[in-house]
Number of protein chains: 2
Amino acid sequence: MAEARSVDTRERILDAAEHLFMAHGYEGTSMRQITSGAGVNLAAVNYHFGSKESLMQEVFRRRLDWLNDERMRVLNALESEAAGKPLKPSQIVDGFFGTLLRMADDEERGGVTFLRLLGRTLTDPSEFIRTFLAHEYAEVVDRYKEALFKALPDVPKAEIVWRFHFMLGATSYAIAGTDALRLVTDWQIEEEDATDRLDRLVPRLMSFLLGGLRAPLPQFSSPTVDL
Amino acid sequence: MAEARSVDTRERILDAAEHLFMAHGYEGTSMRQITSGAGVNLAAVNYHFGSKESLMQEVFRRRLDWLNDERMRVLNALESEAAGKPLKPSQIVDGFFGTLLRMADDEERGGVTFLRLLGRTLTDPSEFIRTFLAHEYAEVVDRYKEALFKALPDVPKAEIVWRFHFMLGATSYAIAGTDALRLVTDWQIEEEDATDRLDRLVPRLMSFLLGGLRAPLPQFSSPTVDL
DNA sequence: CTATGATTCAAACGAACGTATGAATTATAA
DNA sequence: TTATAATTCATACGTTCGTTTGAATCATAG
């Protein structure tokens with residue numbers, strides 16, 4: 001078997017695809033853009049991955065396998081250290097979302113490119129993508145949900161699930177980077193440069209997520225509560 | 001001028017496009033899907049709108065013009081009633097995000113279909129779409145940011161802008177509907193049916209957003225704060 | 001060195017894409 | 001009714017899409 005070349009080619013394709021899918025989306029990226037971006041022959045994608053869909057899945061699997069393993073490892077460590085007692089919500093939130101955000105600094109694991117790709121893809125309309133991601137995430141999400149149930153016994157489970165969902169949305173936007181509505185413009189934030197911004201993003205987002213997670217429960221029945 | 005037919009045709013195209021863009025995205029929807037979905041000739045889109053891009057913009061303009069006018073109206077009313085005093089954060093958040101969410105019940109203004117489309121499009125990679133949306137939103141976002149600055153004088157402006165961004169993300173996911181990671185499954189929330197869910201979503205999300213907006217400020221310097 | 005399998009390559013496939021055309025049809029106004 | 005403008009229609013254009021093919025090139029094991 002001649003592996004030396006093919007491994008290189010596979011990796012080059014994955015890198016190019018990751019970047020292009022991030023920049024232009026799945027449907028908006030053509031095979032020819034990918035292969036020429038990777039400097040390989042057009043047929044290489046179908047040879048190594050079978051199809052464009054399979055390539056997309058492999059782009060995510062390469063990163064998500066490590067991420068979700070790491071999330072599991074962190075949660076297991078926290079729980080064994082707690083010895084049966086409930087964890088702090090901040091620990092759980094940091095284990096799930098902090099672990100994700102810290103990938104931004106890890107260029108070997110895709111860095112900001114993959115994070116932006118993931119953030120944008122979570123709302124992607126393509127059915128096969130959402131199905132694939134849901135499957136990749138199912139186990140780890142379940143574990144973290146259970147941990148939150150135990151950590152917040154007074155909050156209805158349905159409420160926790162919703163707030164998990166909201167936290168995912170806030171995080172997704174935080175990492176999608178290019179602010180959807182140009183809310184964060186450079187002239188507005190004079191005091192920090194671009195390198196600082198990422199370091200500060202994590203504590204910023206964590207404060208927000210925890211504030212939302214532990215907010216007072218909503219009052220359904222009463223009309224127009226004035227809080 | 002023969003308006004009777006063309007207005008019908010225009011509207012039918014916009015309705016079909018709105019639904020298809022929501023379900024399959026901009027790039028994932030073809031002109032032929034749109035025209036056959038609307039029951040009109042293939043050439044009708046280019047005749048009435050000029051191009052696919054212009055159609056996309058018109059799909060949004062039709063809804064956003066009303067939404068942002070309404071947001072302005074609400075904020076103006078609140079501010080004139082407050083007579084110079086700062087507004088409550090809850091009033092501002094409800095004016096911006098509540099006004100949006102209440103479109104879900106208004107079938108004449110697109111209902112949940114448009115809300116899902118908007119939620120998904122805010123992270124869309126296409127440059128022309130983000131540019132267009134940023135322009136459509138610029139004025140109203142600026143006014144609401146200023147109101148928040150005044151309502152929260154002790155919070156650094158940069159922090160408020162970021163939290164606005166986070167709130168937008170949480171809201172986007174809340175309305176994108178099809179839970180990205182299948183977090184919210186039917187069997188998990190037995191006590192409420194689908195019709196209830198939307199009514200309850202607004203107070204749920206409002207609690208979360210306000211909790212996040214008013215969360216303690218993040219501590220940047222200290223490593224691994226244990227809150 | 002040779003044989004075998006893995007990989008790369010140029011070229012082509014049919015299908016679908018957004019758009020344009022010019023004639024046919026319909027509505028409006030004189 | 002007739003002239004004129006607006007709209008619809010079937011059809012086709014040129015391009016790009018994802019995928020396939022079969023030969024050429026490479027690496028490696030016997």
Side-chain angles (χ1 to χ4, degrees), chain A residues 1-60 117 121 124-129 131-132, chain B residues 1-60 62 121 124-129 131-132:
Chain A
M1 305 177 212
E3 288 258 306
R5 271 193 309 170
S6 76
V7 168
D8 251 23
T9 301
R10 274 183 61 97
E11 217 74 8
R12 291 169 61 83
I13 291 173
L14 288 171
D15 289 342
E18 183 173 69
H19 185 268
L20 286 165
F21 286 152
M22 180 274 288
H24 309 116
Y26 175 76
E27 309 266 13
T29 302
S30 72
M31 302 281 268
R32 285 162 178 85
Q33 285 177 274
I34 295 170
T35 51
S36 81
V40 303
N41 187 271
L42 169 61
V45 170
N46 284 285
Y47 176 77
H48 285 283
F49 300 96
S51 69
K52 190 185 176 186
E53 283 200 7
S54 300
L55 169 61
M56 178 70 159
Q57 294 183 0
E58 195 54 37
V59 166
F60 278 96
L117 172 61
T121 309
D124 196 280
S126 306
E127 182 56 31
F128 93 92
I129 294 179
T131 302
F132 168 75
Chain B
M1 304 176 212
E3 286 258 307
R5 271 193 310 171
S6 76
V7 167
D8 251 22
T9 300
R10 274 182 61 97
E11 216 75 7
R12 291 168 62 81
I13 291 173
L14 288 171
D15 288 342
E18 183 174 67
H19 185 267
L20 286 165
F21 285 153
M22 180 273 289
H24 309 116
Y26 174 75
E27 309 266 12
T29 302
S30 71
M31 302 280 268
R32 285 163 178 83
Q33 286 178 275
I34 295 169
T35 50
S36 80
V40 303
N41 188 270
L42 169 61
V45 170
N46 283 285
Y47 176 77
H48 285 282
F49 299 96
S51 69
K52 191 184 175 187
E53 283 201 5
S54 300
L55 169 61
M56 178 69 158
Q57 294 184 0
E58 195 54 36
V59 166
F60 277 96
R62 176 170 72 146
T121 309
D124 196 280
S126 306
E127 182 56 32
F128 93 91
I129 294 179
T131 302
F132 168 74

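Chain letters run A, B, ... following the sequence lines, proteins first and then strands; every chain starts at 1.
- Partners of A44(A) by side-chain contact (heavy atoms from CB on, under 4.5 Å), not counting sequence neighbours, listed by chain and number: T9(A), I13(A), V40(A), H48(A).
- A heavy-atom distance below 4.5 Å is found between the side chains of Y26(B) and E53(B).
- Distances shorter than 4.0 Å separate some side-chain N or O of H48(A) from OP1 or OP2 on dT8(C).
- Regarding Y47(A), its OH atom lies at a distance of 16 Å from the P atom of dG22(D), rounded to whole Å.
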Below 3.5 Å, can you tabulate the donor-acceptor pairs from side chains in residues 17-25 of chain A to any protein atom, sequence neighbours excluded?
{"residue": "E18(A)", "atom": "OE1", "partner": "R63(A)", "partner atom": "NH2", "Å": "3.0"}
{"residue": "E18(A)", "atom": "OE2", "partner": "R63(A)", "partner atom": "NE", "Å": "2.8"}
{"residue": "E18(A)", "atom": "OE2", "partner": "R63(A)", "partner atom": "NH2", "Å": "3.4"}

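- Looking only at side-chain heavy atoms (C-beta outward), F49(B) and L14(B) come within less than 4.5 Å of each other.
- A straight line from CZ of F49(B) to P of dA20(C) spans 16 Å, rounded to a whole angstrom.
- I13(B) has its CD1 atom 14 Å from the P atom of dG18(C), to the nearest Å.
- Per the geometry, CZ belonging to R10(B) stands 14 Å off C1' belonging to dA6(D), to the nearest Å.
- When rounded to the nearest whole Å, the span between CG of L42(B) and P of dT19(C) equals 10 Å.
- A donor-acceptor contact under 3.5 angstrom links the side chains of E127(B) and T131(B), judged on distance only.
- Listed candidates were dA20(C), dC9(C), dT7(D). Nearest to the side chain of A43(A) is dC9(C).
- Whole-Å rounding puts the N46(A) CG to dA11(C) P distance at 19 Å.
- Near-neighbour residues of DNA chain C inside residues 25-39 of chain A, defined by a heavy atom below 4.0 Å, number-ordered: R32(A).
- Between S51(B) and dG18(C) there is no side-chain N or O to OP1 or OP2 distance below 4.0 Å.
- One atom, CE of M56(A), and another, P of dG18(D), lie 13 Å apart when rounded to the nearest Å.
- Here the shortest heavy-atom pairing between T35(A) and N41(A) reads CG2-O, 3.4 Å.
- Look at CG on L20(B): it is 16 Å from C1' on dC17(C), rounded to the nearest Å.
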_One pair to check against salt bridge (charged side-chain N to carboxylate O under 4.0 Å, His left out): E11(B) and R62(B). What are the steps and the verdict?_
CA-CA 10 Å; E11(B) 216 75 7; R62(B) 176 170 72 146; 3.5 Å; yes
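- Contact check, N41(B) against dT7(D): no side-chain N or O comes under 4.0 Å of OP1 or OP2.
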